[in-house]
Each structure stands twice: as C-alpha cells, then as structure tokens.
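Worksheet for the structure shown next.
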Amino acid sequence: MAAPRPRRRPAAVIFDMDGLLLDTEPLAARAWTDAAAAIGVEFDVALALAMIGRNFGDCAAMVRKRYGADYPVDALLDRWHTTYDAIVERDGLRLKPGVVEIIDWLERNAIPRAVATSTRRERARAKLAHVSLLLRFRDVVGGDEVACGKPAPDIYVEAARRLGIAAAECIALEDSEPGVRAALAAGMSPIMVPDLHAPPDDLVALDVLVLPSLHEVLDHLAALPA
C-alpha cells in the first residue's frame, strides 16, 4: 500500500531532530568511532550509520548483536556521550538548511509543531535550547518517554496525543528510514528529507514523498490548499 500523501495543509507538523533540524548525524557517527578508539576496541562505521534514527537502548542492542557478549558495550556507551559532547562543544551545532524558514511559515499559519526524537528528552531540550529552537515547539517527545523506539509508532502517537490532534491530520518530517516507518505506523503522512542515507528501495516502492531539503518541504506545504 502506498504511503499517504498530504492533500491539504496539515493540522500539525512533527519534526525529527537529529539529521532533520540539526546537522548532527556526522558528529554522532564520528563520536562512535572516536569512543571505540579511546577504549581500544574495534567499531564498524557502517554500524553507526545503521543506528541513525534509533534510540539509545536499541543502539546498545545493535552493538551487542554485532560484537557479542564480551564486547564492552556499557563502557562504549558512556564514552560515546562524553566524546559526542566534546565534539559538539568544539564544532558547535548547526541547523539544517531551511529550518528557520519553515518554522516561521508554520507560525505565521498557526500550525502547531512538536519534536519527536530518539534522543532522550532532556538532552534533546538542551540541544534545541542551544540553537534557540526549544520555545518554537509546543512539546518535545524524547526516546526515553516511550516503550518502543522508532520504527515503532509510539513516539509519533505520543506527539500527536500531546498536541491534541489526530495522527492522520499530522505530517511527520524525517531524515531516516526508522523514523519514516514510525510515522507510517502511526498513521501520519511522512515527508523524508534524507541526510546521510538515500531512501532504501522498499521505501521508494511505498511512494513516500522524498524532498531534498526543508526549503522544498516548505514550498510543498505552501502549495497545498488550506
């Protein structure tokens, strides 16, 4: 069955954060390899890319599955946090192209917004505050606030609940395959803005709307009937 396409302007827009609002996925991938090197273990960069869009518990499970019971997963996860924070402190956080413009347009048109991110809520709120975006969203749902992370629908179902808007009336903006699948499972219309990965063939086969940046997303939304 084909993915639903928005036919009218949405009642709400729900944003992923890393890779969609913030240009942080390359920093996260670098943190995995740097953290592994710091504690003297191997780590496949392809695994870091495969973990994009997933919450930290699921990432830990993926590392254990890849490397086995003797691999120091907990030490790696602890080191990842400090390594990632050091990279962000040194390199800073950058917005993805079109972020400010699309949020401005949504505000002008009184379309409510939320963030649904696999990142833990308090870390997500701190990152959004750092780039002066936190107060521009009605709510932030973190990966630690739901039972199952993306690609399960839980986080998008909860975001819609907090906004008080039916999921079918929301558009979800995502950069990752797990995020798009989560939005579809929640009954939303997803728009994918790929970051480090092109959409896989099975998502293409679902006719998911894929646009190159948030600039094009804004153009698409503005062209829809109100």
Side-chain angles (χ1 to χ4, degrees), residues 3-22 24-25 51-59 95-96 98-100 102-107 109-195 203 206 208-209 211 214 217-218 220-221 224:
R5 293 283 187 99
R7 304 300 179 190
R8 304 186 68 84
R9 291 184 183 178
V13 175
I14 302 176
F15 292 76
D16 177 49
M17 185 180 71
D18 293 293
L20 189 283
L21 290 170
L22 306 179
T24 47
E25 295 297 9
M51 294 190 296
I52 289 173
R54 299 181 183 272
N55 66 24
F56 218 58
D58 289 344
C59 290
L95 299 180
K96 296 287 285 186
V99 167
V100 173
I102 194 169
I103 294 175
D104 285 347
W105 182 85
L106 293 168
E107 286 184 348
N109 287 274
I111 298 174
R113 302 154 304 284
V115 171
T117 174
S118 296
T119 299
R120 290 178 294 177
R121 175 180 169 84
E122 289 311 311
R123 284 183 67 88
R125 286 174 55 86
K127 290 165 79 171
L128 292 168
H130 185 76
V131 293
S132 301
L133 288 183
L134 179 60
L135 298 181
R136 306 196 72 179
F137 294 96
R138 186 177 295 179
D139 213 327
V140 176
V141 186
D144 58 328
E145 297 186 279
V146 294
C148 298
K150 302 172 184 178
D154 303 34
I155 198 163
Y156 278 112
V157 171
E158 176 63 13
R161 187 194 69 79
R162 293 188 190 180
L163 291 175
I165 296 172
E169 298 179 15
C170 300
I171 285 177
L173 303 182
E174 273 284 354
D175 69 290
S176 73
E177 178 187 2
V180 170
R181 293 195 181 281
L184 286 170
M188 295 184 183
S189 296
I191 299 177
M192 187 178 192
V193 183
D195 183 29
L203 277 189
L206 292 176
V208 171
L209 179 58
L211 296 172
L214 290 174
V217 175
L218 172 53
H220 180 80
L221 296 181
L224 294 173

So, the side chain of Ser118 versus the backbone of Gly53: is there a donor-acceptor pair under 3.5 Å, distance only? yes

Closest approach of Tyr156 and Ala186, non-hydrogen atoms and distance? CB-CB, 3.7 Å

Check whether any side-chain heavy atom of Lys150 sits under 4.5 Å from a side-chain heavy atom of Asp16, and report yes or no. yes

Let me confirm one number: the CZ-NE2 distance from Arg5 to His220, rounded to the nearest 0.5 Å. 7.0 Å

Those residues that, when tested against Asp195, pass side chain to side chain donor-acceptor pair (under 3.5 Å) (two or more places apart): Lys96

Within a strict 4.5 Å, meaning less than it, do heavy atoms of the Arg120 and Phe56 side chains meet? no

When you compare the side chains of Thr119 and Asp18, does any donor N or O come within less than 3.5 Å of an acceptor on the partner? yes

Stepwise side-chain contact (heavy atoms from CB on, under 4.5 Å) check, Leu95 with Leu21: CA-CA 6 Å; Leu95 299 180; Leu21 290 170; 5.7 Å; no

Just to verify, what does Asp175 make a side chain to side chain donor-acceptor pair (under 3.5 Å) with, not counting sequence neighbours? none

Working to the nearest 0.5 Å, report the span between CG of Leu128 and OG1 of Thr117. 8.0 Å

Gap separating the OG1 atom of Thr24 from the CE atom of Met17, nearest 0.5 angstrom: 6.0 Å

May I ask you to decide if Leu224's main-chain N or O and Arg9's side chain share a donor-acceptor pair within less than 3.5 Å? yes

Are Phe15 and Val99 close enough that some pair of their side-chain heavy atoms sits under 4.5 Å apart? no

To check you understand the geometry: which heavy-atom pair defines the closest contact between Glu25 and Gly19, and what is its length? CG-CA, 3.7 Å

Can you confirm whether Val13 sits close enough to Trp105 that some side-chain heavy atom of one is under 4.5 Å from a side-chain heavy atom of the other? no

Side-chain heavy atoms of Val100 within contact of Arg136, under 4.5 Å: yes

For Ile165 and Cys170, the nearest pair of non-hydrogen atoms, with its separation, is CG2-SG, 3.9 Å

Minimal heavy-atom distance between Leu173 and Leu20, with the atoms involved, is O-CG, 3.7 Å

What heavy-atom pair brings Met192 and Pro194 nearest, and what distance separates the two atoms? O-CD, 3.5 Å

Contact check, side chains of Val115 and Leu133, non-hydrogen atoms, under 4.5 Å: no

Taking all non-hydrogen atoms of both residues into account, name the closest pair between Ile14 and Ala116 and its distance. CG2-CB, 3.7 Å

Tell me whether Arg8 contacts the main-chain N or O of Glu169 through its side chain, where contact means a donor paired with an acceptor under 3.5 Å. no

Are any of the side-chain heavy atoms of Glu174 and Pro190 separated by less than 4.5 Å? no

Distance in Å, Leu163 CG paired with Phe137 CZ, rounded so as to fall on 0.5 Å steps: 11.0 Å

Non-neighbouring partners of Arg121 that pass salt bridge (charged side-chain N to carboxylate O under 4.0 Å, His left out), sequence neighbours left out: Asp139, Glu145

Between Ile171 and Leu221, is any pair of side-chain heavy atoms under 4.5 Å apart? yes

